[in-house]
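Reviewing the structure listed below.
Within every chain, numbering begins at 1; the chains are lettered A, B, ... in the order of the sequence lines, protein sequences first and strands thereafter.
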Amino acid sequence: MQVAQIIVDVPTRQTNNPYSYLIPESLEKQIQSGMRVQVPFGRRRVTGFVIGLSDKTSFDGKLKKISSLVDLSPVITPELLKLSEWMADKTFSFKISCLQTMLPGGMRTKFKKKLLATDQIRDTYPAIFHGQNEIDYDRQKFNNKTIAEILALRKSNQIKVHYELSSHAKPILSRAYKSKLNQQQIDHVLIDVQKRAVGQRRLLKMLYEQPSQTFLQSKLLHEGVGKQVLDTAVKQGWVTETQVRRIRNPFLQPVSKSYPLDLNEDQQTAVNRINNAIGKQTDTTFLLEGVTGSGKTEVYLQAMAHALSIGKTALMLVPEITLTPQIVGRIRSRFGDQVAMLHSAMSSGERYDEWQRINSGQAKVVVGVRSAIFAPLENIGLIIMDEEHDSSYKQSDTPRYQTRDVAKWRAAYNHCPVVLGSATPSLESRARAMKGVYQLIMLPHRFNNHALPHVSIVDMKDEMAHNRHILSKRLSNLITDRLEKHEQIILLLNRRGYSSFIMCRDCGYVPQCPNCDISLTMHKDTHTLNCHLCGHKEPIPTVCPKCHSKRIRHYGIGSQQLEEQVKDLFPTARVLRMDVDTTRKKGSHEAIINKFGAHKADILLGTQMIAKGLDFPEVTLVGVLNADSALQFPDFRSSERTFQLLTQVSGRSGRADKQGEVVIQTFNPDHYAIQLAKTQDYEKFYHTEMRIRHLGKYPPYYFTIKITGSSPSEKQTAYEMHQIAGFLRRYLTNKAIVLGPTPKTITRVNNRYFYQIIIKYRQEPKLKAALDDVLVKSQTKQQGGLLISIDNEPLDFM
DNA sequence: AGCACGCCGACT
DNA sequence: GTCGGCGTGCTC
Ligand SMILES: [Zn+2]
Ligand SMILES: [Zn+2]
């Protein structure tokens with residue numbers, strides 16, 4: 001008898017190991033590693049991943065049998081199976097979480113427990129069944145007495161329990177028809193068909209012309225063959241009805257084929273070096289550092305083409321906000337239908353279909369956001385990460401992986417190079433390139449030698465003294481000028497620091513969340529005050545709850561408010577707004593870009609998403625309204641973030657014929673990140689910032705770990721975290737720096753108190769063991785409900 | 001995560 | 001005495 005090793009979908013420390021199950025004979029031939037199955041686990045039924053098959057087990061208890069298969073073919077490749085083990089270890093997360101994140105969202109399955117009642121039971125217990133024979137069993141929905149009742153009914157077999165597998169991802173099936181007749185038979189049949197049966201004759205003619213074709217019903221309808229005709233055809237035995245899977249098409253528009261562009265010398269060198277590594281099958285990591293407009297994308301495209309030409313596949317990752325229809329169109333125009341796209345803005349059905357195209361080997365090129373690094377591609381020849389410094393490449397919740405590390409792992413497995421591209425590389429990557437761990441490739445010239453824009457900095461401290469608008473005097477004047485010249489303008493509002501709250505003008509009262517240490521934010525659409533941390537909602541007060549003043553009103557600068565102000569100041573200007581609210585609908589993002597690109601608007605304003613990847617030749621003025629909002633929260637990466645953003649935005653303006661202008665509004669005009677962004681001097685920024693990182697013992701000089709602990713009692717949290725910090729200080733070498741515990745900036749969230757410990761280290765062979773120990777202890781002892789999470793190489797220390 | 005077992009205080 | 005509250009431990 002064969003045994004399967006299974007990781008069950010129960011994300012806890014204690015169940016983080018494979019469980020052995022017997023394979024029933026009926027499944028023996030079909031089951032494979034990487035498939036999902038249903039298994040009995042304790043008293044319930046759960047989903048699990050088959051990670052191995054063998055003929056024995058080390059478990060000496062009584063084995064249970066697998067109930068059934070969830071998938072008909074493996075959904076996790078052998079490579080990804082191995083990767084999940086490594087990742088769970090590296091990110092201190094559960095294997096099941098890693099496996100689940102490798103699948104497109106819609107494929108994640110959960111079991112829903114259902115209760116089935118006879119009519120009699122249903123009517124005897126209306127409080128439980130509400131007149132229905134089948135209900136969801138949510139433990140939280142019932143009180144203990146009801147649960148006891150249900151349990152008793154179950155024991156006496158009066159109600160049945162069954163589990164329903166739920167998943168959003170389903171293929172779309174369309175009705176289709178296939179001929180059962182050969183050509184001679186059709187000839188024969190035609191004799192008996194009346195002349196006036198036009199539909200039937202039409203159908204038979206089509207069947208005659210393409211005997212082996214499967215015709216979609218929609219297509220037949222279009223050709224004038226109606227449903228009734230088809231019903232007769234089925235009855236007559238001319239055709240059979242079948243179903244055809246329809247692949248959803250996430251691409252809005254068809255594209256025309258494009259061909260490789262001529263490269264300049266730098267680009268050619270870059271392509272040669274990368275192609276060489278692809279050909280030699282070495283897992284070199286390249287850092288492709290190229291200023292905005294230096295033609296990185298063309299380098300990517302030609303290297304990908306080379307990988308395809310030797311029979312390999314290619315994977316290209318792009319940050320969330322840069323994965324625009326423009327960039328996808330460019331890739332599709334080069335590689336056609338071989339391209340699959342994985343984007344969070346796609347529906348779960350579209351993502352499922354695209355994923356299937358990859359898994360079945362149809363798609364050879366994958367373009368996508370962070371999670372696309374788990375695309376089930378085989379025989380990868382090249383992995384590209386564009387804008388490698390982008391913070392969206394680090395997943396903020398478990399498993400907290402850094403895409404760059406996963407990319408390097410897959411590159412090593414597939415013996416292929418990784419290309420990290422950026423105009424402003426992360427300090428980590430650049431430092432590694434300096435040490436020779438990565439190979440540095442530079443693209444120092446802007447294509448066609450477009451001039452750099454002129455950047456000016458406006459000190460908003462001075463400005464505030466005589467101007468209470470968001471727009472500075474200088475920026476307003478320039479806007480007026482550009483409007484007169486019929487040139488276009490982009491205004492960027494940094495998303496961070498965005499706030500929308502209400503405050504009493506008399507006593508200064510700001511409504512706070514009752515569960516968290518944070519102000520409530522105003523939501524105009526629902527007319528409520530919401531807490532974005534715990535979801536608490538309450539009505540907007542009309543009088544101040546503290547002093548009963550009626551002068552309680554709304555404050556905040558969001559893109560909506562900015563739009564109002566701009567329209568106020570420039571009533572004749574045509575203004576477009578692009579933010580999360582205006583791009584929620586499918587295709588709306590594209591619509592805004594097309595409209596602005598066609599110069600049907602003068603001013604485009606919005607959040608981060610307008611900062612990247614968009615090319616509008618008519619834009620000659622870019623205003624950054626709150627350039628330094630990242631600097632408000634002092635953290636070791638804030639300068640880097642600010643510099644990267646400003647450099648990127650500045651690159652947007654400035655063309656061959658018209659010099660661009662950038663206005664940066666800030667409260668910190670002398671800050672080096674802002675000053676160096678003005679001159680677009682990455683080299684100097686790199687060296688300045690490295691010195692600061694060195695002095696502060698920050699990455700890339702030190703590795704870092706953030707341990708966060710929370711419990712309903714602040715005292716308890718502080719105490720337990722002190723214990724952990726003490727343990728780490730004793731256990732680790734004296735070269736490791738253990739900081740804290742300190743309360744988090746927002747200490748209370750959802751009535752839990754959060755504390756953190758930071759570890760900085762260079763070499764700590766015992767660290768992994770120590771942290772695993774902390775995790776194990778935290779779950780076995782329960783430590784008064786202390787929940788621990790570990791973030792390996794966190795983005796920030798906040 | 002569930003789900004059951006078991007021990008102790010409150011109440012018929 | 002017994003009901004039910006929650007802490008503890010297990011799930012192939
Ligand atoms: Zn008040
Ligand atoms: Zn809250």
Side-chain angles (χ1 to χ4, degrees), chain A residues 1-24 27-28 31 33 35-70 88 92-101 108-115 128 135-156 159-166 397-399 710-713 716 720 750 752 775-789:
Chain A
M1 193 68 144
Q2 273 220 309
V3 174
Q5 264 63 253
I6 287 166
I7 300 287
V8 290
D9 187 7
V10 182
T12 61
R13 231 355 84 188
Q14 299 116 61
T15 50
N16 196 28
N17 295 310
Y19 284 78
S20 303
Y21 282 88
L22 294 174
I23 301 166
L27 301 178
E28 234 165 29
I31 197 161
S33 274
M35 282 181 176
R36 291 172 298 170
V37 291
Q38 300 181 27
V39 289
F41 194 64
R43 225 160 255 272
R44 6 174 228 151
R45 192 181 294 180
V46 297
T47 319
F49 286 78
V50 180
I51 62 156
L53 301 169
S54 57
D55 40 21
K56 52 180 186 295
T57 172
S58 53
F59 181 68
D60 51 8
K62 195 171 176 325
L63 296 182
K64 289 187 182 173
K65 264 198 228 167
I66 292 173
S67 317
S68 66
L69 300 181
V70 173
F92 300 93
S93 54
F94 307 125
K95 288 166 190 159
I96 190 66
S97 318
C98 296
L99 289 165
Q100 295 281 30
T101 44
R108 269 160 232 178
T109 54
K110 271 274 171 228
F111 275 106
K112 269 219 151 132
K113 192 171 176 178
K114 304 262 185 179
L115 301 181
I128 302 175
I135 56 154
D136 285 355
Y137 180 70
D138 288 333
R139 252 176 163 247
Q140 275 118 344
K141 235 169 51 187
F142 304 111
N143 60 35
N144 285 322
K145 207 175 154 197
T146 323
I147 288 177
E149 237 169 12
I150 293 170
L151 236 61
L153 285 168
R154 225 184 110 183
K155 274 212 176 108
S156 56
I159 55 176
K160 287 217 168 70
V161 174
H162 88 129
Y163 292 87
E164 195 178 277
L165 193 63
S166 71
D397 34 52
T398 50
S710 72
S711 84
S713 143
Q716 185 79 13
E720 297 292 351
N750 218 351
R752 296 185 71 89
L775 283 173
V776 169
K777 270 193 219 146
S778 83
Q779 206 155 54
T780 47
K781 268 205 312 179
Q782 276 303 118
Q783 296 191 330
L786 190 79
L787 275 178
I788 299 265
S789 79

A/Ile23 pairs by side-chain contact (heavy atoms from CB on, under 4.5 Å) with which of A/Ile66, A/Val50, A/Leu63? A/Ile66
Using 4.0 Å as the upper bound for N to carboxylate O, is an ion pair formed by A/Asp136 and A/Lys113? no
Shorter than 3.5 Å, N or O on both sides, protein versus nucleotides 2-4 of chain B: list them out with atom names.
| from | atom 1 | to | atom 2 | distance (Å) |
| --- | --- | --- | --- | --- |
| B/dG2 | OP1 | A/Arg44 | NH1 | 3.0 |
| B/dG2 | O4' | A/Arg44 | NH1 | 3.4 |
| B/dC3 | OP1 | A/Lys113 | NZ | 3.2 |
| B/dC3 | OP2 | A/Arg139 | NE | 2.9 |

Quick one: which protein N/O atoms are closer than 3.5 Å to N/O atoms of nucleotides 5-7 of chain C? Pair and distance per line, please.
| from | atom 1 | to | atom 2 | distance (Å) |
| --- | --- | --- | --- | --- |
| C/dG5 | OP2 | A/Asn144 | ND2 | 2.7 |

Smallest heavy-atom separation, A/Phe49 atom then A/Gln100 atom, equals CZ-OE1, 3.9 Å
Output the rounded distance in Å from [atom1] ([X]) to [atom2] ([N]).
X       : N      : atom1 : atom2 : answer
A/Phe41 : C/dG9  : CZ    : C1'   : 12 Å
A/Leu53 : C/dC12 : CG    : P     : 19 Å
A/Lys65 : C/dC12 : NZ    : P     : 15 Å

By centroid distance (under 5.5 Å) and plane angle (under 30°), are A/Phe59 and C/dC12 in a stacked arrangement? yes
Member of A/Gln5, A/Lys56, A/Lys64 meeting the side-chain hydrogen bond (donor to acceptor under 3.5 Å, both in side chains) criterion with A/Ser20: A/Gln5
Could you list the residues that satisfy salt bridge (charged side-chain N to carboxylate O under 4.0 Å, His left out) with A/Arg36, not counting sequence neighbours? A/Asp71
Check every strand shown and say whether A/Tyr21 touches a base, only sugar-phosphate, or nothing at a heavy-atom separation below 4.0 Å. sugar-phosphate
For A/Pro18, which contact category applies under a 4.0 Å heavy-atom criterion: base, sugar-phosphate, or nothing? nothing
Decide whether A/Gln38 and A/Arg45 meet the rule of one side-chain donor and one side-chain acceptor closer than 3.5 Å. yes
Spacing of A/Arg13 atom CZ and A/Leu775 atom CG [to the nearest 0.5 Å]: 4.5 Å
Below 4.5 Å, heavy atoms only, C-beta onward: do A/Ile31 and A/Leu69 meet side chain to side chain? yes
